[in-house]
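Reminder, nothing fancy here: chain letters follow the sequence lines and each chain counts from 1.
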Protein chains: 2
Amino acid sequence: MKIGIVGSAMVAQILGKKLAELGHEIMISSRDVNKDKGYFPSALIWADQMKKEGFNAYAGSFSDAAQFGEVILNCTNGAHSIEALEKAGEQYLSNKILIDIANPLDFSRDVVSLTVSNTDSLGERIQRRFPKSRVIKALNTVNAEIMVNPHLLDGSHDLFICGNDAEAKKWVREELLQNCLGWEYIIDLGDIKASRMQEMYLPLWVRLYDIFNSAHFNIHVVRKSNVD
Amino acid sequence: MKIGIVGSAMVAQILGKKLAELGHEIMISSRDVNKDKGYFPSALIWADQMKKEGFNAYAGSFSDAAQFGEVILNCTNGAHSIEALEKAGEQYLSNKILIDIANPLDFSRDVVSLTVSNTDSLGERIQRRFPKSRVIKALNTVNAEIMVNPHLLDGSHDLFICGNDAEAKKWVREELLQNCLGWEYIIDLGDIKASRMQEMYLPLWVRLYDIFNSAHFNIHVVRKSNVD
């Protein structure tokens, strides 16, 4: 399958590599494919390295990736996701599954906060702005290395998913998360408004990351064995 | 020890009973000690029942409870906590450990929200309003029956705690949570600003409650065994 990734930083590169290894054709994308992404190489260097390793991997503009993908992943910085997806082109995102992995994090204050929260969320904003896209919020509550390798952690742990389109959600859950990425435990939180819950967990995630000095953790919802 | 509980609803009654059973003297409190609390009896009926069972349990005004307690628990509805604590009397709360168990939940919309969040929190507001109190945020992320009986759930699961006063936090953690209530896994999130993280988890908690149709769950933070 052709997967278009809007974004080219850590999440895009790690998720893109894993999906390419599984046989998918991947295009990551950037405003500037020549620009380094912090500790990660530019989109173009990433794609060149991947091609040398024999994978079908490409780099392009946001619009290139949106046109290329049968399924689209939003792996941009949440503060700029709407703008990036607008650049990608509403017409190329329509009628496609659009998986929103981004978080609207704001690190400009002394304590992390969200640029949208509580009575709205990034996932909802994307669905409203692109009403013909089938927006599914998933994978935003874990680090990229956990996204592509949930068995890195010891014991059961859960992924959350939400979205308005039941068929799209089923596909993302079963094909992408379970079959491709190996997620065993997935909790369907309902419609896209549950993006609020998935995103409002992030400040706790960031605090735990600071405490552990590691992004290699996730939460498991523990219940009674004789569920009441 | 004499424990004053501001509030008299489910959390106050369940937590008060458990602490009374452990030998503490408890006063719960209400604007109107004769008023039923939903499925739970009035503060006065609760105290009468408890006395018949041989416990040192009382009902009074918010101010009575604040004067009575060597340690104070805020078990009010988070939307009205500041007002209730003001009625309790700042002078009676000063220099005492004040454990904030409340959540600023707003159920007036179609989806649960918080009356304060993201760049502030109830825990911080209480600490600012009562600067001489030693405010510790804890127990707000679990149902009352889990608070007093963490072993009700199968497997490890975590409680979060935060506050500015290290000595007060140590006492709450070791004496109240570990020794009295039996909590094994407690994660110290740092200063009182982490109340934001503990409270912003609540919308996810409420959604999980709706899905499970049960409040008997909690989260466990799962890590690698060889922690990096």
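Note on residues 205-220 of chain B: pairs passing salt bridge (Lys or Arg N to Asp or Glu O under 4.0 Å), not counting sequence neighbours, are A:D191-B:R207.
Residue contact with chain B, scored on non-hydrogen atoms closer than 4.5 Å, is absent for A:I146. Using a 4.5 Å cut-off between heavy atoms, B:I187 touches chain A through its side chain atoms alone. Both the backbone and the side chain of A:L189 come within contact range of chain B, each with at least one heavy atom under 4.5 Å from a heavy atom of that chain.
Within residues 163-185 of chain B, no residue has any heavy atom closer than 4.5 Å to a heavy atom of chain A. At a heavy-atom cut-off of under 4.5 Å, chain B is reached by A:R109, A:D110, A:V111, A:V112, A:S113, A:L114, A:S117, A:N118, A:T119 from residues 102-124 of chain A, listed in order of number. For a heavy-atom cut-off of 4.5 Å, chain A lies close to no residue in residues 5-14 of chain B.
The local environment of NZ in A:K18 is crowded, with over 12 non-hydrogen atoms from other residues, nucleotides or ligands closer than 6.0 Å. Atom NZ of A:K96 is surrounded by more than 12 heavy atoms from other residues, nucleotides or ligands within 6.0 Å.
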TODO: Take A:F217 and A:F212 through the test ring pair (Phe, Tyr, Trp, His ring centres under 6.0 Å) and record every step on the way to the result.
DONE: CA-CA 9 Å; A:F217 66 89; A:F212 297 153; 5.3 Å; yes

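Side-chain contact check for A:I101 versus A:M147: some heavy-atom pair is nearer than 4.5 Å. The shortest side-chain heavy-atom distance between A:V206 and A:P203 does not fall under the 4.5 Å cut-off. A:C162 places none of its side-chain heavy atoms less than 4.5 Å from the side chain of A:R196. Here the side chains of A:L98 and A:I126 are in contact, with some heavy-atom distance below 4.5 Å. Here the side chains of B:D158 and B:I186 are not in contact, with every heavy-atom distance at 4.5 Å or above.
Applying side chain to side chain contact (heavy atoms under 4.5 Å, CB included) to B:I3 and the options B:I99, B:I26, B:I28 leaves one that passes, B:I26. A side chain to side chain contact (heavy atoms under 4.5 Å, CB included) with B:N140 is found for exactly one of B:L202, B:I161, B:L159, B:N74, namely B:L202.
The greatest number of non-hydrogen atom pairs below 4.5 Å with chain B, out of A:L153, A:V222, A:L204, is found for A:V222. Your options are B:Y201, B:W205, B:F160, and the one with the most heavy-atom pairs under 4.5 Å with chain A is B:F160.
Put simply, CD1 on B:I82 and NE2 on B:H80 are 12.5 Å apart, with the number rounded to the nearest 0.5 Å. Put simply, OG on A:S30 and CG on A:D36 are 10.5 Å apart, with the number rounded to the nearest 0.5 Å. Separating the CD1 atom in B:I72 from the SG atom in B:C75 is a distance of 10.5 Å, to the nearest 0.5 Å.
Panel note: side chain A:Q127, backbone A:S133; a donor-acceptor pair is recorded below 3.5 Å.
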